[in-house]
Number of protein chains: 4
Amino acid sequence: MAHSKQTPRSRGQSRPPGRTKIVEALKSLLGEKEFTAITTADIAQTAGVTEALIYKYFSDKRDLLHQLLAEYLDYFVTRAELDVKGIKGAVHKLRRLIWSHINMYAGNRVFARILLLEVRNYREYFNSDAYQMVKRYSSFLESIVEEGIAEGVIRDDIPIPVIRQLIIGGIEHICLPAVIFNRDIDPDAPADQLCDLILDGISTRQP
Amino acid sequence: MAHSKQTPRSRGQSRPPGRTKIVEALKSLLGEKEFTAITTADIAQTAGVTEALIYKYFSDKRDLLHQLLAEYLDYFVTRAELDVKGIKGAVHKLRRLIWSHINMYAGNRVFARILLLEVRNYREYFNSDAYQMVKRYSSFLESIVEEGIAEGVIRDDIPIPVIRQLIIGGIEHICLPAVIFNRDIDPDAPADQLCDLILDGISTRQP
Amino acid sequence: MAHSKQTPRSRGQSRPPGRTKIVEALKSLLGEKEFTAITTADIAQTAGVTEALIYKYFSDKRDLLHQLLAEYLDYFVTRAELDVKGIKGAVHKLRRLIWSHINMYAGNRVFARILLLEVRNYREYFNSDAYQMVKRYSSFLESIVEEGIAEGVIRDDIPIPVIRQLIIGGIEHICLPAVIFNRDIDPDAPADQLCDLILDGISTRQP
Amino acid sequence: MAHSKQTPRSRGQSRPPGRTKIVEALKSLLGEKEFTAITTADIAQTAGVTEALIYKYFSDKRDLLHQLLAEYLDYFVTRAELDVKGIKGAVHKLRRLIWSHINMYAGNRVFARILLLEVRNYREYFNSDAYQMVKRYSSFLESIVEEGIAEGVIRDDIPIPVIRQLIIGGIEHICLPAVIFNRDIDPDAPADQLCDLILDGISTRQP
DNA sequence: AATGAATGAGAATTCATTCAT
DNA sequence: GATGAATGAATTCTCATTCAT
């Protein structure tokens, strides 16, 4: 198994310019076409470096993709955790998190593409750093749900993972058409509607 | 543009044996590995035919995948529509449909793999017959929601597509881990829980 | 070596309809693209028959081409011989033949394509019936030249084949651009000019 | 559209050794068989490189052929232009050029094969660099004819392109049998005879 | 006279990847 | 830190062709 070449790096430590160019090139190419349709030659040319250099920094074309995703996720997860800080009440936190999540996809179409479409069909992904961060995010979401249960505002008769899956599944499917067909996402309305549904369900309330 | 070679065929009309063998071969191979890891040589050998024959019936390796998916979907969608027949009340229909849907994934891991993991990252899929059937299914689901709104049991303050996306997203994410890691799915409990959530939301009821 | 399947046939004897359809199909396809770009599948489809039928009548895809060419040549050579009949004087015959030749290319672009572009790079052609007819035409042309020499109107200090090659080479290169780029040919002016050149040369006459 | 990969290069700038080996390999193989009968595997093996390398330097098997032809033509056209330098009188120039031309074919059977038999039936050729050089040669030939007209030694009542076509057609057809059947060409006699014909025509002079 | 089904065998081409410099 | 040159090994796909019916 090709093992990632990423070196743990302290925050802010700057990466070699060649590496950066390569990552940016992939980012830019993913705006145009599917990962499998992107060749290392493409990447090198777009980056203005040689193909060989890719293998200095990445063990693999796929490793490059995973590291790019990890960079996105690093930002995304950290950001999401921060975004919720200081908010009181699990329900408000949840509303905020859902908006934040949709907003991330809205603002980073490439990130969304990778996460929703390009990595899941590849077994190795589930051993990657990137996947670890996704799990960290899942846990974070679950912790908010737990908080809500403790507060008595979220029901406790449903396994928490099911709740998490509904939330994340809902978010993804709201964004999926836009991601696939490269359309814009306006996060506000969908986020609100989704939250309303998740919180209160689709039934009309019987008084 | 590689265009599908499928010819519209009246029900029961038998397909050439070679074609069937090829489709079955792919089905079987998808139980073992990812589509991209399956070669035409693999398929031909498993089917006991020559690679060339694949191209007599399918314009493409990908076209073969899409036609296989279409066959699954033909069965699945028709089945789903039948499954709901005779049931009174949109809510009961919805419960039935959700259970049916999860149950389909539970019983056809390969079908689930293809639909959830193997086709979406490929632009051409969205021009395929298979995708048309997915849309037919979406419409069907929406029509039940509409029925519920008409009955006054489903809220009318949320756009129907958002409701649909939440439902389908929820189903998919419930099944996804099992599909990815090849674990078994027991449809009953998750279906119930998911329905409860979708109908009533995650909030505790304030009397 | 694949041997031609053509059977000697008395004039007017009608050929099986399938065979005719195939030949016509090739004719029509050659109007659109190069021979090598035409597949047997193309031909069969255009002809409305199965590929297998091609091999009932022709030993080879190439044999089909050669037989088509032979049909054209049969007409062309016979016609050319007739065209000159009754004309008195080798020079007049030559003028007539050159015009006739260019006119044939003008009216049968596909014939010209085959003869000038599609068969020469293929060794087998030179063993075909078609090539025999080309040689018959060459002889016919040479016999007119000989006649002219006997009449004292054509010089006898140059080997006859060289004269023949100049004439045929001239005709071909006059027509070649039109054949290649699918432009129209107006036979009259070029034929006249070419004849003038061939007869009197490019030099101004010193009286 | 497969586009040539040739990069404009200043004279003397050395090409990568692999590229040279590939071109030489094709040259050598064309001495033995038709282009279509030569496989990339053949070429690679003869060159002592891998097939993949061919595609680093050429977009296509056909592109390789065209670039080889272009190299020949570069030499041929330049040489022809030089060959005529210093000669006084359009007629003498023409005689020299015709001899030169035939001599080129005589000494480079492969070059002749390519130009006369292997490229014309392929549409893409007419967009290639090689074809541009052929046109440059045509112009050069026409300029000599114009010179002769200005000198009063070449008749002005025939369009110059027709004259050019007769000359080139004559040369080609003189050489064609030798090129096709791989026979030797002795340039001297045919060149003389052809020139005599072109200059004075086939008619006997009427005093 | 014609076809449906299938094939053999290669052929071009792709692409990620390596390594000496 | 970066490159130029080259490769290995597959992989898809093509296409003429055959044969039992």
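Residue numbers begin at 1 in each chain, while the letters A, B, ... track the order of the sequences. Remember, predicted model here, so these are calculated numbers, not experimental data.
C/Gln67 and C/Arg62 share no donor-acceptor pair across their side chains, judged by distance under 3.5 Å alone.
In this structure, the nucleotide among F/dA2, E/dA1, F/dT7 sitting nearest to the side chain of C/Tyr57 is E/dA1. Here the side chain of A/Thr39 is nearest to one of F/dC15, E/dC15, F/dT3, namely E/dC15. Between F/dT12, E/dA5, E/dA12, one nucleotide has an atom nearer to the side chain of B/Pro16 than all others, and that is E/dA5. In this structure, of E/dA16, F/dT3, E/dT3, it is E/dA16 that holds the atom nearest to the side chain of A/Thr40. For D/Asp60, the listed nucleotide lying nearest its side chain is E/dT13; candidates were F/dT12, E/dT13, F/dT14.
Geometrically, B/Lys27 does not engage B/Phe111 in a cation-pi contact defined by less than 6.0 Å to the ring centre and at most 45° from the axis.
Position along DNA chain E of the nearest nucleotide to C/Val49 versus D/Thr36 favours C/Val49 as the more 5'-ward residue. For the pair D/Gly18 and C/Ala52, nearest-nucleotide mapping onto DNA chain F gives the more 5' position to D/Gly18. Of the two residues contacting DNA chain F, namely A/Gly48 and C/Ala41, the nearest-nucleotide position lying further toward the 5' end is that of A/Gly48. Between D/Ala37 and C/Leu53, the residue anchored nearer the 5' end of DNA chain E, judged by the nucleotide with its closest heavy atom, is C/Leu53.
In this structure, the NZ atom of B/Lys21 is 6 Å from the P atom of E/dA6, given to the nearest Å. Atom CD of B/Gln45 and atom C1' of E/dT7 are 16 Å apart (whole Å). Atom CG in D/Asp42 sits about 16 Å away from atom C1' in E/dT13, given to the nearest Å. The distance from atom CZ of C/Arg19 to atom P of E/dA1 is 12 Å, rounded to the nearest whole Å. The CZ atom of B/Phe58 sits 20 Å away from the P atom of F/dT11 (whole-angstrom rounding). A/Ile38 has its CD1 atom 15 Å from the P atom of E/dT17, to the nearest Å. B/Glu51 has its CD atom 16 Å from the P atom of F/dC15, to the nearest Å. One interatomic measurement links the two molecules: NZ of D/Lys56 to P of F/dT3, which rounds to 15 Å at whole-angstrom precision.
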**Asked** Is there a side-chain contact (heavy atoms from CB on, under 4.5 Å) between B/Lys61 and B/Thr40 once you walk through the steps?
**Response** CA-CA 7 Å; B/Lys61 191 184 143 195; B/Thr40 49; 4.1 Å; yes

**Item:** Step-by-step side-chain contact (heavy atoms from CB on, under 4.5 Å) determination, A/Glu71 to A/Val23
**Value:** CA-CA 10 Å; A/Glu71 287 184 20; A/Val23 172; 4.1 Å; yes

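Nucleotide E/dT21 has F/dA2 as its partner under the Watson-Crick or G-U criteria, with both atom distances under 3.5 Å. Nucleotide E/dA1 forms no Watson-Crick or G-U wobble pair with any nucleotide shown, as no partner meets the under 3.5 Å limit on both distances. Nucleotide F/dT11 forms a pair with E/dA12, judged by Watson-Crick or G-U wobble geometry with both contacts under 3.5 Å.
Note on A/Thr50: a base of the nucleic acid sits closer than 4.0 angstrom, heavy atoms only.
Not one side-chain nitrogen or oxygen of A/Tyr55 sits closer than 4.0 Å to the OP1 or OP2 atom of E/dC19.
Evaluated for a ring pair (Phe, Tyr, Trp, His ring centres under 6.0 Å) with C/His66, the options C/Phe126, C/Tyr125, C/Tyr122 yield exactly one hit, C/Tyr125.
Of all the heavy atoms in A/Arg113 and A/Ile180, the pair that sits closest is NH1-O, 4.3 Å.
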